[in-house]
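Remarks on the structure that follows.
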Amino acid sequence: MLDLRAYLAEGAKAVEAALDALLPAADREPRRLHQAMRYSVFGGGKRLRPTLCLAACELVGGDRESVLPVAAALEMVHTYSLIHDDLPCMDDDALRRGRPTCHVAFGEATAMLAGDALLTQAFAALGEWAAQGTGPAAVAVRVIGEIARGAGSFGMVGGQALDLAAEGQERSLLELEAIHRLKTGALFGAALRAGAIAGGAGGTELAAIERYAAEFGLAFQIRDDILDVVGDQARLGKPVRSDLRKQKATYPAVVGLERARILAGEAADRATAALDVFSPGRAEPLRALARLAVSREN
Ligand code: GRG
């Protein structure tokens, strides 16, 4: 039986070491900018996207050490999205990962630049990884393309745009799913696909991982919506009931809390079932992560 807590802690430790090596030092000019980047990256966080990337790589027989820079780049992209999402022009939140948000700690302009610089640093790190790699260049280029697409206007940023446009409006379950597929699901999908492609996945393996990714993203987001209603601010490290305040369409708002719990569980079940093509031992980390997505308290 997998010890998920130990598995997550070990992954986070390796990813944080890679992040430390790939991010500019805090005493290098422009210092305030580099301090803000590090403040947000090292301010906690579950490190789920890098963990999914490493797990997908291992699942298909790849070497997790060799994809650590890819995993670290995904966390940089994710952290940039959190910094920008918290800005006054978007969600205007003061608390993230249990600490003052980047713009509260460093000012709005520096926070915006820290987000910009994290996004570009992610692709600089990916470029270096591709240049130093021993595998085929085409594989590395595919990995970079996956992350760019997952992060951009057909992925996470596009989902954020749709989410902002939906504020204060009635949304059907289908419309809600379409928003979350992009806003939250696209980067999870990119993390899983990037890890699998870098690990040498074949067509059937990649298709199974893509099915898992879609269901994982849905399960994670429904739980996120539920936690906004029933979660504890100290444990979450971010404000609760903010979706309600901002009149955001959420699963509990559209289908009620109980139905939302059922839908999250069903999505997690479909995610684990998608991994049936792999041997049970190898698939265990991703299966456990899908269960965590719907049982987590933060
Ligand atoms: C590019 C501005 C911009 C936004 C993109 C992802 C996103 C849209 C915004 C982040 C804010 C948010 C609450 C998104 C919905 C769910 C989500 C991605 C939560 C945060 O992810 P976790 O729980 O966070 O993995 P940690 O802190 O553990 O890394």
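Note that the numbering runs from 1 along the sequence shown for the chain. Counting convention: from 1, in listed order, for ligands and their atoms alike. Computed from a prediction, not measured in an experiment: that's the story for all the values here.
- The residues D85 and R96 are annotated as salt-bridged, a charged nitrogen and a carboxylate oxygen being separated by less than 4.0 angstrom.
- Using a 4.0 Å cut-off between charged side-chain N and carboxylate O, D91 and K238 make no salt bridge.
- By the 3.5 Å distance cut-off applied to N or O atoms, R96 is not counted among the residues near ligand 1.
- Where the criterion is an N or O separation shorter than 3.5 Å, residue side chain and backbone included, H78 meets it with respect to ligand 1.
- Against a heavy-atom cut-off of under 4.0 Å, Q221 is close to the following atoms of ligand 1: 15 (C), 16 (C).
- Side chains of P285 and E58 form no contact here, defined as non-hydrogen atoms less than 4.5 Å apart.
- Between R171 and D163 there is no salt bridge, since no side-chain nitrogen of the basic residue lies less than 4.0 Å from a carboxylate oxygen of the acidic one.
- Taking every non-hydrogen atom of M90 and a distance limit under 4.0 Å, the qualifying atoms of ligand 1 come out as 2 (C).
- Nearest protein neighbour of atom 17 (C) of ligand 1, counting heavy atoms only, is F220 CE2, 4.0 Å.
- With ligand atoms numbered from 1 in the order given, ligand 1 contributes 26 (P), 27 (O), 28 (O), 29 (O) to contacts under 4.0 Å with heavy atoms of G45.
- Nearest protein heavy-atom neighbour of atom 14 (C) of ligand 1: K183 CE, 3.6 Å.
- In terms of protein heavy atoms, atom 11 (C) of ligand 1 is closest to D85 OD2, 3.0 Å.
- Residue contacts with ligand 1: K238 is placed with no nitrogen or oxygen under 3.5 Å of a nitrogen or oxygen of the ligand (distance criterion only).
- Hydrophobic clustering (ILVMFWY, side-chain heavy atoms < 4.5 Å, transitive): M76 and L192 are in distinct clusters.
- Of all protein heavy atoms, the one closest to atom 23 (O) of ligand 1 is K46 NZ, 2.6 Å.
- The pair E10-R5 fails the salt-bridge criterion, with no side-chain N (NZ, NE, NH1 or NH2) lying under 4.0 Å from an Asp/Glu carboxylate O.
- Among R47, R49, H84, R97, the residue whose heavy atom sits closest to atom 29 (O) of ligand 1 is R97.
- Under a 4.0 Å criterion applied to the non-hydrogen atoms of Y80, ligand 1 contributes the atoms 1 (C).
- With respect to E75 and R49, no salt bridge is recorded, no charged nitrogen being found less than 4.0 Å from a carboxylate O.
- For the atom pair Y39 OH and R97 CZ, the distance stands at 11.0 Å (nearest 0.5 Å).
- A salt bridge links E284 to R291: at least one charged side-chain nitrogen sits closer than 4.0 Å to a carboxylate oxygen.
- The side chain of D224, and not its backbone, has at least one atom closer than 4.0 Å to an atom of ligand 1 (non-hydrogen atoms only; side chain from C-beta on).
- Note: the hydrophobic cluster containing V157 does not contain L87 (ILVMFWY, side chain heavy atoms under 4.5 Å, direct or indirect links).
- Checked against a 3.5 angstrom limit, the closest N/O atoms of Q160 and ligand 1 fall outside it.
- Nearest protein neighbour of atom 6 (C) of ligand 1, counting heavy atoms only, is S81 OG, 3.5 Å.
- For atom 5 (C) of ligand 1, the closest non-hydrogen atom of the protein is M156 CG, 3.4 Å.
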